[in-house]
Amino acid sequence: MTKPEQPDPSGDEIEVRIAADAAQLPMLRAITSAVAMRQDYDLDSIADLKMAVDEACSMLVLRAITGSLLTVRFTPKSEIRVVATVLSDSDDWPDTGAFSWHVLSTLTDSLEAGVSQGAADPGGHVLWIELTKRNALGDE
Amino acid sequence: MNPRGGYDHLAPLFEQFASLPKDSPEHAQLRERLVTEHLPVAEHIARRFSHQGAPLEDLAQVARIGLINAVDRFDPAHGSDFMSYAVPTIMGEVRRHIRDTSWAVHVPRRLKELRLSIGGAVTELSQRLGRAPTPSQIAEHLGLSREEVFEGLEATNAHHSLSLDYLLTDDPDSASLADTLGADDPELSVVDAREALYPLIKRLPERQQKIITLRFFGNLTQTQIADRLGISQMHVSRLLAKSLDTLRASLSSDG
């Protein structure tokens, strides 16, 4: 429930805040790619993670309040953990039957999503999604 | 105040220059004098641009050509003075030179070569390892630093997101490729009919259908798909991203 409020004190965490707008997704793809490359992920895993972040953030942006922010936090450790959040009018989230969800679970090693209550001001619901991706090399 | 320095005495000469017949020896003489006396202007402009990486001597040559053009084309009847015509002309010439030679050709050529060698390394390493390589493995294979590989991989992304997506999907060989793979995908039958996804996937070009199906319903990795279709992993990656974009767009527009 409180996922979005748990900052990780480790030094390699990256948090990006941009307009919750589909036009910003290429920026996120680029950042995701850089994070995974620098963790020396194999190219398949880099491509998967990029697509997963793209997909997850697309889902969130569709539901975000117009003019609000999309926050994406990358925690690269033994695996890369990505937590993305937006503020929404609706708490109908996530739609685990959607194709997007299927895509996401194929692309990631773990996937979780939920809703937490937004701050009293401006209100609304905080939709979050957390996914992790391991370097495929570590699998064997 | 005269910011133009010591060139004012030359200004009246342009009237004279314009009135002389083009083929007269006086015209040629005066042309030479005007160019020679303005040479420091060309020099000065070349120097201004030399920090951008091009050799100063090249820039100075180009600036001199710009100056000659300016002397030849300047028309005093138009009322402006020579310097306000010459300076932009020379700068334009120098800028064009920098753009054409050192930038647009040089840097990208290096990146292009980098891209090519990374592409080759990825293919080779994928075959040897049986899976996609990491940037470190590519760097080691090519004797490059990891930073260089990052740069090359980024260039690959940037390059392809511009135009190749379209070129590649319209690739005429995709039909014949699909033929050899069979039109009815067994994997596709497991696609959930909910969300009317099946018809949307069916609307994708055949190769993209195949890739989407193999990746998301057959659970193959991009490298395995690339192997199976005889294309590169990067190509698979681009086609997958493009297909998802399309599906996303049609899903949201269909409600």
Side-chain angles (χ1 to χ4, degrees), chain A residues 21-23 25-64 76 80 94-109 111 133-140, chain B residues 118 121-122 125-126 129-139 146-147 149-154 156-158 161 190-192 194-198 200-201 212 214-226 232-234 236-238 240-245 247-252:
Chain A
D21 178 344
L25 295 179
M27 184 69 80
L28 277 178
R29 276 200 290 271
I31 294 167
T32 307
S33 167
V35 170
M37 271 196 304
R38 275 151 209 282
Q39 290 298 112
D40 208 28
Y41 272 41
D42 70 277
L43 299 190
D44 279 348
S45 307
I46 295 173
D48 283 355
L49 185 63
K50 258 169 82 175
M51 247 187 288
V53 170
D54 204 21
E55 195 63 53
C57 293
S58 298
M59 292 167 81
L60 288 173
V61 161
L62 275 178
R63 292 161 174 85
I80 295 177
D95 177 4
T96 54
F99 175 64
S100 294
W101 191 261
H102 179 76
V103 166
L104 270 178
S105 41
T106 308
L107 294 172
T108 55
D109 290 308
L111 180 62
K133 183 76 181 165
R134 280 194 302 271
N135 195 345
L137 288 183
D139 280 357
E140 321 201 338
Chain B
I118 287 177
V122 169
L125 288 170
S126 301
L129 302 165
R131 74 154 80 83
T134 68
S136 296
Q137 289 169 329
I138 298 168
R146 275 179 42 162
E147 287 299 325
V149 172
F150 293 158
E151 196 187 358
L153 287 171
E154 270 153 16
T156 308
N157 293 337
S161 60
V190 305
V191 175
D192 203 333
R194 159 187 59 191
E195 288 194 281
L197 187 66
Y198 184 80
L200 293 181
I201 291 180
I212 281 274
L214 291 174
R215 183 68 190 93
F216 298 118
F217 302 100
N219 222 359
L220 298 189
T221 68
Q222 293 192 4
T223 301
Q224 288 164 335
I225 296 170
S232 73
Q233 175 267 332
M234 285 177 197
V236 171
S237 171
R238 286 191 297 275
L240 265 180
K242 187 178 160 58
S243 309
L244 289 180
D245 271 351
L247 288 177
R248 220 178 270 147
S250 13
L251 278 176
S252 55

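Keep in mind it's a predicted model, so treat the numbers as computed, not measured. Naming convention: chains lettered A, B, ... in sequence-line order (proteins, then strands); numbering from 1 in each chain. Because only heavy atoms are used, hydrogens play no part in the values below, and waters and symmetry mates are left out as well, while side chains stay in.
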- prompt: Which region of B/Ile138, side chain (C-beta onward) or backbone (N, CA, C, O), has a non-hydrogen atom less than 4.5 Å from a non-hydrogen atom of chain A, or is it both or neither?
  reply: side chain

field: A/Ile46, part contacting chain B, at a heavy-atom distance under 4.5 Å
entry: side chain

- request: Working to the nearest 0.5 Å, report the span between CG of A/Asp44 and CG of A/Asn135.
  value: 10.5 Å

field: Engaged part of B/Val236 at the chain A interface, taking heavy atoms whose separation is under 4.5 Å
entry: neither

field: N/O donor-acceptor pair under 3.5 Å between A/Ser33 side chain and A/Arg29 backbone
entry: no

query: Distance-only, no hydrogens or angles: does the A/Thr106 side chain make a donor-acceptor pair with backbone N or O of A/His102 under 3.5 Å?
result: yes

- request: Taking atom types as modelled, find out whether A/Glu55 and A/Ser100 have a side-chain donor-acceptor pair closer than 3.5 angstrom.
  value: yes

message: Report which part of B/Arg215 has an atom under 4.5 Å of a heavy atom belonging to chain A: side chain, backbone, both, or neither.
response: both

